[in-house]
Amino acid sequence: MAGSEKYQIVLSGVGGQGILFITRLLAETAVYRGQRILTAETHGMAQRGGIVVSHLKIGDFTSPLVKPGMADILILLKQGNLAIHGPYLKPGGIIITNASSAIAAAESHWMDADAAAREIGQNRAANLILTGFAVSRLTRNGRTFFCNADDIRAVLKQKLSGRDKLLAASLSAFEHGVRCGERTISNP
C-alpha cells in the first residue's frame, strides 16, 4: 500500500475522447498499487460529442461522487468543460487541461494534446497523451501523486497484453505526454 494519501479527481470531456478509458486506467493503477478506489461515471448524451464526466477517489472514502469544491485535481480533455466542471475544484486544486493556450487559474497545466496526437500520427490518443502529461506534472518538483509513470506503463502492459500493436501505440502516446510534461510549457 502506497501510504494513506487521498485524492479526489474529476475527469471531464466529451463522448469519443476516452474519458472512461483513462478513468479506468487510473483506477486500475491505484488497484495495482494496493490503494482503495471508488469511481462514478456520468455519460451525458449517449452519443459521440455528449459531455462525459468521471469521478475518481483514491484512498479511504465511502462515497464515489466528488462534491463541488472538493476535487484535488480536475483533468479536462475539453477546455470548454471548465465552465461546467470547474466548480468541483477545491481552492488550491490543480487543473490539467487539453488546450491550445493557457487558462486563468491559480495552478493550471495545459498542453494541446489534440495537436500532439496529430503530430505523432495517433489522432485518437489525446487522452493517453494528456494522462502522461498529467502524471509527469503531478510528480515533479518533489510533489507526490498516487502513482508514477512506471505504474501506468505496467498497467497498460497488463491491460493490453497480447495486443502488441495497440500496446506499442498506447505506450508511445503516453510517453509523448510524459515528455511534454517534463518541458516547461505551462505554470509551475
Side chains of [X] and [Y]: closer than 4.5 Å at any heavy-atom pair?
X: V53; Y: V10; value: yes
X: F146; Y: I9; value: yes
X: I152; Y: C147; value: yes
X: V135; Y: V178; value: no

* Asked: Quick one: side chain to side chain donor-acceptor pair (under 3.5 Å) partners of H55, sequence neighbours excluded?
  -> none
* Does any pair with a residue in residues 56-82 pass salt bridge (Lys or Arg N to Asp or Glu O under 4.0 Å), and if so which ones, sequence neighbours excluded? -> R36-D60, D72-K90
Could you tabulate the donor-acceptor pairs under 3.5 Å formed by side-chain atoms of residues 158-172, not counting sequence neighbours?
unit_1: K159; atom_1: NZ; unit_2: E28; atom_2: OE1; d: 3.4
unit_1: K159; atom_1: NZ; unit_2: E28; atom_2: OE2; d: 3.2
unit_1: S170; atom_1: OG; unit_2: L166; atom_2: O; d: 2.9

Give the minimum heavy-atom separation between [X] and [Y], together with the two atoms involved.
X: L77; Y: G13; answer: CB-CA, 4.3 Å
X: H85; Y: S12; answer: ND1-OG, 2.7 Å
X: F145; Y: Y7; answer: CA-OH, 3.2 Å
X: P64; Y: A40; answer: CB-CB, 4.0 Å

* **Side-chain donor or acceptor of R140 paired with backbone N/O of G181 under 3.5 Å** => yes
* Using modelled atom types only, decide if a donor and an acceptor are shared between the side chain of N127 and the backbone of I22 within a distance under 3.5 Å. => no
Distance (rounded to the nearest 0.5 Å) between [X] [atom1] and [Y] [atom2]:
X: L138; Y: T131; atom1: CG; atom2: OG1; value: 10.5 Å
X: Y32; Y: L26; atom1: OH; atom2: CG; value: 14.5 Å
X: E119; Y: C180; atom1: CD; atom2: SG; value: 7.0 Å
X: F133; Y: E182; atom1: CZ; atom2: CD; value: 11.0 Å
X: Q17; Y: L11; atom1: CD; atom2: CG; value: 11.5 Å
X: D151; Y: L156; atom1: CG; atom2: CG; value: 11.0 Å

So among [options], which one has a side-chain contact (heavy atoms from CB on, under 4.5 Å) with [X]?
X: L76; options: I96, N98, I95, I19; value: I95
X: S54; options: I75, L20, T39; value: L20
X: L89; options: L74, I73, V66, L82; value: L74

* Out of curiosity, does L56 fall in the hydrophobic cluster containing V31 (side-chain heavy atoms, cut-off under 4.5 Å, transitive links)? -> yes
* Asked: For I120, which residues count as a side chain to side chain contact (heavy atoms under 4.5 Å, CB included) partner, sequence neighbours excluded?
  -> Q122, I129, A173, H176
* **Any residue meeting side chain to side chain contact (heavy atoms under 4.5 Å, CB included) with I84, in chain and number order, not counting sequence neighbours** => I51, N81
* Determine, stepwise, if the pair L25 / L128 fulfils side chain to side chain contact (heavy atoms under 4.5 Å, CB included). => CA-CA 10 Å; L25 177 61; L128 280 169; 3.8 Å; yes
* Among Ile, Leu, Val, Met, Phe, Trp and Tyr joined by side-chain contacts under 4.5 Å, find the other residues sharing a cluster with L38 and list them by chain and number. => F61
